[in-house]
Amino acid sequence: MSAEPNAPSAAAPSDFIRDIVARHVAEKRYPKIVTRFPPEPNGYLHIGHAKAICLNFGLARENHGICNLRFDDTNPLKEDVEYVDSITADIRWLIAGWADHCLGFKPKGALPANTTRDGRPDFYLGSVDPSTLNSQLSTGSANAEPFFASDYFDALHDFAVELIKRGQAYVDDLSPEETDAYRGAPDKPGRDSPWRNRSVDENLDLFARMTAGEFPDGARTLRAKIDMASPNVWLRDPLLYRIRHAPHYHAGDKWCVYPLYDYAHCLSDYIEGVSHSACSLEFVPHRALYDWILAALGLPRPLPRQYEFAKLVPTYTILSKRNILRLVKEKVVTGWDDPRLPTISGLRRRGIPASAIRNFVIGVGVTTFNSVTEIAVFEHAIREELNTIAHRRLAVLRPVKLVLTNISAGESIECEATNDPQNENPTTRKILLTREIFIDADDFAEVPPPKYFRLKPGGEVRLKYACIIKCDEVVKDAAGAVTELRCTADRATRAGQPDSARKVKGTIHWVSATESIDAEVRLYDRLFTVPEPGAEEDFMTVVNPHSLDTVTARLEPSLGSAKPDDRFQFERLGYFTLDPDSSASHLVFNRTIPLKDTWAKK
RNA sequence: UGCCUGGUGGUGUAAUGGCAGCACAGGCGACUUUGACUCGCCUAGUCGUGGUUCGAAUCCACGCCGGGCAGCCA
């Protein structure tokens, strides 16, 4: 249906926000559908952000619009370029081939000084074609960059002056503690500040001096003049600007007053020509303020509107920045890109395709209900995607030596193995069967449980792509541990041979002991042992001690030339990908996810 | 206890006054040189009580239960 490469198999279902946008498109309310994804550059993106990203970019994609990546960087104390770079890279990876053509980037240096009659910079009005910018970017040009709220500090300042002139904002001298006390409580009205009724001229003068750096941090603020008795506490004369004598990572050292979120966000949306501003449910009480500011300034319509939806809460996962940081700091994980973490960089390193993340977050839908999504839904999306793209290989995680006594030492038997059985016309490769091979420890049981289809003393199994073997002898060491299995191969059961159709219950994977290579393989499991670690008093007490198991595996030789983006299915085991820790002399693979195992459950 | 907001199988969602559907999970079976995949079948739901209506998950009232809001964070 879609011509888009790498498009999700399922179209995004309709939801209340899409319905609203569709209505607005039908009535031509906006010249263009413009959305935005507005992270603060103070941490890494995680799968929860992926939901917001796919909603905002999806809306743009479905309505021939654009979605701006805008850094909401109004707090100089918490932000850094390090995060700008990682967030930008994560987003580009996440939407590549799906909605990257909708990514709104602006030409470097195109700042709001270059404005049109209604005060908006001209880059959103169509004078710059986002697709041109994106092609510049993808060819390595540094001529385009994301949007930054801090690029609007001049415009925001001018709007603040306008608000003062309209009598809608005032400079307050209350201390932070007094401000709190005057605000009242949700069930108790606040009180007017004694500074609330200063003249416009005095406010103008004071705000200019605040901006000029005359006052120390915390001495004064700029506040909207709304209603200290409002039942909505966010309308009790919210702060617009605070004094912060600190340099800004992007805006430099020009400013010592910085706008607050509520003030900066709606106006940044306005400046960029955003039509639909989607955020999470905790901002519902802020919407009245969003609308108030735009109205108080008398800005021309159509104005952007805020819509709120529920965040993603997956089971067995922790998503808050603070908590992920704690896992990193206390070395439960190795870093922000640890494959056990729900960060985008972690998921990517784990080998999860961007398309699987997209399909998952799109599939859960967009509602206003605080729901919990079972991680199994994500796991299904991962397997579904990997099953179609991953090439099959043979690998043995916990090798046990097996000697085929009727194959001579120098002999090697060529077997044809299928790379991509999920395709209509699968390709194949050759693997070698030799006298000595390895099989997985799990695939042999000296005293088998009921219904055990694998190898057991005196029993038969098929070696995948090769032949049926029979276990004649179990060799053990002094301690009683199995050191070697001695079997006979039935060559007539090979593909193309007379008995090739002979059936046995079990088929197991294997690699030649001599024609195989060593690799470190990291087996990951859920990071937490309970479905809702966030509900625990301390989630550290429910960290899964077995979330990482590292083994030295034997792989078929072709895996030696694996590339970082390759995805493999090690047959009967799971999906694997090369880890960046790999080097020419030391291969490292990550298990992205095991295959579904209905046998193990029983 | 002020204001805002929500409640559909175990979980996530759809149905926008007209057959409660889909996906995941779970169960049974078929197929299988992956105990995977695929295919077939099954289990299971409208928070409660009234009302409006020919007809209510949907509209109204009351109740019950949950989430959010009092940063010079975003």
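Because only heavy atoms are used, hydrogens play no part in the values below, and waters and symmetry mates are left out as well, while side chains stay in. In what follows, chains are A, B, ... by sequence order, proteins preceding strands, each numbered from 1.
For B:G48, the O4'-C1' to base torsion is more than 90° from 0; the nucleotide is therefore anti.
In the displayed structure, A:K451 atom NZ is contacted under 6.0 Å by at most 12 heavy atoms of other residues, nucleotides or ligands. Within 6.0 Å of atom NZ in A:K188, 12 or fewer heavy atoms from other residues, nucleotides or ligands are found, so the atom counts as exposed in its surroundings. Summarising the local packing, CZ of A:R494 is surrounded by more than 12 heavy atoms from other residues, nucleotides or ligands at distances under 6.0 Å.
Here, B:C19 and B:C64 have their C1' atoms 31 Å apart, quoted to the whole Å. Comparing the same atom, P, in B:C41 and in B:A23 gives a spacing of 11 Å after rounding to whole Å. Rounded to a whole angstrom, the distance from the C1' atom of B:G35 to that of B:G29 is 15 Å. B:G6 sits 14 Å from B:A14 when the P atoms are compared, rounded to a whole Å. For the P atom pair drawn from B:G18 and B:C59, the interatomic distance equals 11 Å after rounding to whole Å. The P atoms of B:G7 and B:U58 are separated by 11 Å, rounded to the nearest whole Å. Between the P atoms of B:G10 and B:G51, the separation comes to 28 Å (whole Å).
In this model, the phosphate group of B:A74 is approached by a side-chain N or O of A:R242 to a distance below 4.0 Å at OP1 or OP2. When the side-chain nitrogen and oxygen atoms of A:T367 are compared with OP1 and OP2 of B:G6, none of them lie within a distance under 4.0 Å. A:R183 has a side-chain polar atom (N or O) that falls below the 4.0 Å cut-off from OP1 or OP2 of B:G71. Between A:T74 and B:A74 there is a side-chain N or O to OP1 or OP2 distance below 4.0 Å. Using a 4.0 Å cut-off, no side-chain N or O of A:T368 falls inside it from OP1 or OP2 of B:U5. Proximity of A:K78 to the phosphate of B:A74: no side-chain N or O atom is located under 4.0 Å from OP1 or OP2.
The salt bridge (charged side-chain N to carboxylate O under 4.0 Å, His left out) test with A:R223 singles out one residue from A:D262, A:D192, A:D172, and that residue is A:D172.
The residue A:L260 sits close only to the backbone: its heavy atoms come under 4.0 Å of sugar-phosphate atoms, none of a base. Across all strands, A:K505 comes closer than 4.0 Å to no nucleic acid atom at all (heavy-atom distances).
With hydrogens and angles ignored, a donor-acceptor pair under 3.5 angstrom links the side chain of A:R462 to the base of B:U33. With hydrogens and angles ignored, no donor-acceptor pair under 3.5 angstrom links the side chain of A:E282 to the base of B:G67.
Side-chain atoms of A:S320 come within 3.5 Å of backbone N or O of A:N323 as a donor-acceptor pair.
Candidate nucleotides B:A70, B:C24, B:G66 were compared by shortest atom distance to the side chain of A:N370, and B:G66 ranks first. Distances were taken from every side-chain heavy atom of A:E374 (C-beta onward) to each of B:A74, B:U13, B:U11; the shortest belongs to B:U11. In this structure, of B:U13, B:C24, B:A74, it is B:A74 that holds the atom nearest to the side chain of A:F283. Taking the side chain of A:R572 as heavy atoms from C-beta on, and the options B:C69, B:G12, B:G35, the nearest nucleotide is B:G35. In this structure, of B:G6, B:U33, B:C69, it is B:U33 that holds the atom nearest to the side chain of A:T507.
The cationic group of A:R554 does not satisfy the cation-pi geometry with A:F438, failing either the under 6.0 Å distance to the six-membered ring centre or the 45° limit from the ring axis. Judged by a 6.0 Å distance limit and a 45° cone about the ring axis, A:R393 is not positioned over the six-membered ring of A:F570.
Ring orientation note: the planes of A:F153 and A:Y258 are nearly perpendicular, at an angle over 60° on the 30°/60° scale.
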Under a 3.5 Å cutoff on both atom distances, Watson-Crick or G-U, what's the dot-bracket for RNA chain B ([ ] crossing, | other strand)? .((((((..((((....[..)))).(((((.......)))))....(((((..]....))))))))))).....
Indicate for each nucleotide in nucleotides 36-46 of chain B, in 5' to 3' sequence, whether protein heavy atoms under 4.0 Å reach the base (B), only the sugar-phosphate (S), or nothing (-). SS---------
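An aromatic stacking contact between A:F369 and the base of B:G7 is absent, as defined here by ring centres under 5.5 Å apart and ring planes under 30° from parallel.
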